[in-house]
Amino acid sequence: MCIGRFVFGIGGESLAVAQNTYAVSWFKGKELNMVFGLQLSLARIGSTVNMNAMQPIYDSIAKSSAFADAPSYQVLGVSLYIAMFTCLFSLACALGLAFFDWRAKRILKTSAATTGETITLKDMKTLLLSGKLWLICGICVAYYVTVFPFVGIGLVFYEMKYQMPHATAGIANSLVYILSAACSPVIGFLIDKSGKNIFWVMAGTLLTLGCHALFAFTFATPFLPTIIMGVAYSVLAASLWPLVSYFVPENQLGTAYGIMQSVQNAGLAAISQLSGSLVDNNGYLILITFYLVSPLTPVSSQHPQ
Ligand SMILES: C[C@H](N)C(=O)N[C@@H](CCCCN)C(=O)O
């Protein structure tokens with residue numbers, strides 16, 4: 001399983017780096033934040049379908065006559081084969097993209113997704129010494145560790161703190177992603193119109209901070225902070241990722257996004273472990289208080305655009 005997850009991580013994250021680089025190369029100076037919003041929206045539709053569909057798929061295979069006596073790992077294997085079809089769909093889309101890129105290159109007599117320049121060792125050194133890049137990486141990791149691991153353990157959190165039945169807790173937990181799927185493109189459009197990415201990054205961070213405070217210190221309905229968190233996450237993600245393209249030259253974008261994803265994933269791996277151990281040993285109040293402190297890092301590391 002660990003090998004499978006390792007390969008999955010390499011594939012998924014490389015895909016994300018390529019997606020971000022293509023998006024900037026094709027849409028910079030146009031509606032870039034909206035394009036990132038659309039990408040986020042589709043990614044979150046995928047997460048929501050995954051969160052809600054896999055268990056029913058597994059249950060219906062287990063109940064089917066063909067697998068009535070099958071051990072659970074076989075039922076799981078068949079469920080994962082079904083999930084594999086969405087990866088094949090993704091591959092088909094990538095092939096379509098390659099075709100359009102090749103066609104654009106032929107018509108425009110240029111490389112569509114790059115300037116034709118490749119990164120040099122000198123560029124790499126300049127990039128690695130760029131304070132702005134590391135600040136964005138800091139914002140990214142400090143913010144994302146308060147959202148993805150929170151959603152990861154959210155189901156049990158809603159069940160335990162708010163005594164919600166399993167199904168209601170599942171709905172509450174999916175709300176962050178459902179809202180993000182619905183509103184990310186609109187938010188991206190609004191960010192394009194205002195052109196103030198750093199302001200929106202700060203707004204998203206502060207709103208998320210408020211949500212964690214409500215989760216930690218009140219027993220008011222959790223639906224309100226969950227809904228706000230869905231909107232705040234969309235605001236942050238649609239404004240943060242395009243920000244890289246404002247100061248990194250086009251031939252270094254892939255490397256810059258690769259560094260950003262690596263830092264993000266290193267933080268997520270560590271904080272997911274820490275979240276589990278904090279919940280088990282200290283309870284949810286300490287965990288949410290920890291989430292409350294983490295976004296302060298992005299707020300304190302931002303300066304006006
Ligand atoms: C999957 C990746 N590690 C990630 O965090 N992606 C961001 C959005 C990246 C911009 C769109 N390609 C996310 O919020 O899911």
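Whatever order the structure lists ligands and atoms in, that order sets their numbers, starting from 1. Residue numbers run from 1 in the order of the sequence given.
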Could you tell me whether the side chains of Thr226 and Tyr158 share a donor-acceptor contact shorter than 3.5 Å?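 Note: Thr226 and Tyr158 side chains meet the donor-acceptor criterion.
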
Among side-chain atoms of Thr126 and Asp123, is any donor-acceptor pair under 3.5 angstrom?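 Result is no, nothing qualifies.
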
Hydrophobic clusters here meaning ILVMFWY residues chained together by side-chain heavy-atom distances under 4.5 Å, can you tell me if Val248 and Leu243 are in one?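 Linked within one cluster.
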
In the single-linkage hydrophobic clustering (I, L, V, M, F, W, Y; side-chain heavy atoms under 4.5 Å), do Val49 and Ile171 co-cluster?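 No, Val49 and Ile171 fall in different hydrophobic clusters.
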
Run through Leu179, Ile187, Leu40 and flag the one making a side-chain contact (heavy atoms from CB on, under 4.5 Å) with Ser234.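 That would be Ile187.
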
Would you please indicate yes or no on a ring centroid separation below 6.0 angstrom for Phe27 and Phe36?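 No: the rings miss the under 6.0 Å criterion.
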
Set of residues that line ligand 1, where lining means a heavy atom lies under 4.0 Å from it: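 Under the 4.0 Å cut-off, ligand 1 touches Glu13, Gln19, Asn20, Phe36, Gln39, Leu40, Arg44, Tyr144, Phe148, Tyr233, Trp241, Gln261, Gln264.
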
